[in-house]
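Worksheet for the structure shown next.
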Amino acid sequence: MRVKAKTLTVLGLETSCDETAASVVRGTPPGPGEILSNVVLGQAEQHRPFGGVVPEIAARAHAELLDGVIARALDEARTTLDDLDAIAATAGPGLIGGVMVGLVSAKALALAAGKPLIAVNHLEAHALSARLSAGTAFPFLLLLISGGHCQLMAAEAVGRYRLYGATIDDAVGEAFDKTAKLIGLSYPGGPEIEKLAKEGNPRRYLLPRPMLGRAEADFSFSGLKTAVRQIVKRPTALQPPDLADLAASFQSAVVDVLTDRVSVAMQQFRTQFGKESDSLNLVAAGGVAANSSIRTALMELCGKEGYRLAMPPQPLCTDNGAMVAWAGLERLAIGATSALNSAPRARWPLEDLADSGEMLFSRPKVPAG
Ligand code: KG4
Ligand code: ZN
């Protein structure tokens, strides 16, 4: 007789960038899970005058807001600390001041309530968000596109990821944000560019498509941003219709680069896992996966390549506590709890993850041909 896995309830805290977030999630791996509450307080207003996130302001805001956000998340979920099976928090990578606020709060709650602590890697939280929303089975190909990260990897199990490619310079969200600043849009730039691009002609400006056609699945975006800067710096000032055309041309270049890089990783994933999986799955996660042009292009690519696309709904793509709670829940289910002295990490690079024993990342050899 198959024993039914226990349903777990976990509180997750997210404070690694400029969203103060807490959520209660209930479920059993592989998902989907039930989101009982998902409270996200953005700080974009406070950072907007500076054109980007100011770490000191972010850390202070998290310290002021987090208590209230946690209380609301528990309240909306009609849950008390006693009802929880564990308390999870992002322990990195991210802005260290904010990460410390979230992790230390989770430690205090865990200690006070006598519940296990789970120190979650923010990238793993994004990676597993499609299991929370759709119960996607391992292995899957993961495109992680956010403000700080741009990676293609195979997710084989909780804690086991193989890197196919990553950006060699800017993350794609960073390219959106910097380009937005260049053309006079406010922070965060991704949604602003998407809005403006709807009014523009994507073929007006011929922008570079860095890395297109390369055999490895790496990315580069700094050349694209430089090309936009050169256009903006021309002696005749750009008028609003020109800016819309530039936004549309930039977004279309990003779409071309992403789909080309993903198609390379799809071949590698098919070679590695095609025989052992019933279906080939692509998961797109991270803030930039909220972009509808990118979503549409990935859908078309998956149709062509015989992949099934799983994309968490837009509120689960940008930073949130539910994905952290779910990653904590998946770790709890395999007994991977954390010590109360777990350290916050500004960087949690792939090499260190493999060494730490908490996450296993490795880069496979690209098959020849
Ligand atoms: O995952 P996320 O919320 O935070 C990080 O972990 O980085 O991603 C934030 C990034 C920002 O760069 C933001 O401009 C971008 O995601 N973003 C978008 C869109 N919504 C958010 N980029 C393009 N189109 C969007 N609709
Ligand atoms: Zn993120």
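Only this structure's heavy atoms are used, side chains among them; waters, hydrogens and symmetry mates stay out. Each residue takes its place number in the sequence, starting with 1. Just so it is clear, the structure is predicted and the values come from calculations on it, not from any experiment. Each ligand, and each atom within it, is numbered from 1 in the order the structure gives.
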Within a radius below 2.8 Å of the Zn ion (ligand 2), how many protein N, O or S atoms are present?
->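 The number of such protein atoms is 3.
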Does ligand 1 have a heavy atom under 4.0 Å from the side chain of H126, from its backbone, from both, or from neither?
->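 Side chain only; the backbone of H126 stays clear of ligand 1.
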Give the residue, atom name and distance (to 0.1 Å) of the protein heavy atom nearest [atom].
atom	answer
atom 26 (N) of ligand 1	E194 OE1, 2.7 Å
atom 17 (N) of ligand 1	G287 O, 3.6 Å
atom 13 (C) of ligand 1	D177 OD1, 3.8 Å
atom 22 (N) of ligand 1	G190 CA, 3.3 Å

Before signing off on this row, confirm whether H122 and ligand 1 have an N or O atom pair separated by under 3.5 Å.
->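 Yes; at least one N/O pair falls below 3.5 Å.
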Quick one: does T318 get an N or O within less than 3.5 Å of an N or O on ligand 1?
->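 In this structure, T318 places no N or O atom under 3.5 Å from an N or O of ligand 1.
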Closest to atom 15 (C) of ligand 1 among N291, V288, D319, I145 (heavy-atom distance) |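 It is V288 that holds the nearest heavy atom.
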Any side chain to side chain donor-acceptor pair (under 3.5 Å) involving residues 294-303? Give me the pairs, sequence neighbours left out, ordered by first then second residue.
->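 Qualifying pairs: none.
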Can we say R214 and D260 salt-bridge, meaning some charged N sits less than 4.0 Å from an Asp/Glu carboxylate O?
->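 Looking at D260 together with R214, the answer is no, because their closest N to O distance does not fall below 4.0 Å.
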Is D85 salt-bridged to K6, cutoff N-O under 4.0 Å?
->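 Looking at K6 together with D85, the answer is yes, because their closest N to O distance falls below 4.0 Å.
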For the residue pair L340 and L111, establish whether any side-chain heavy-atom pair is separated by less than 4.5 Å.
->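 Side-chain contact under 4.5 Å: yes.
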State the atoms of ligand 1, each with its element, that fall below the 4.0 Å cut-off from a heavy-atom position in G147.
->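 This gives 5 (C), 7 (O), 8 (O), 9 (C), 10 (C), 12 (O) as the contact atoms.
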In terms of the angle between their ring planes, are H47 and Y187 parallel, tilted or perpendicular, with boundaries placed at 30° and 60°?
->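 Rings of H47 and Y187: perpendicular, over 60°.
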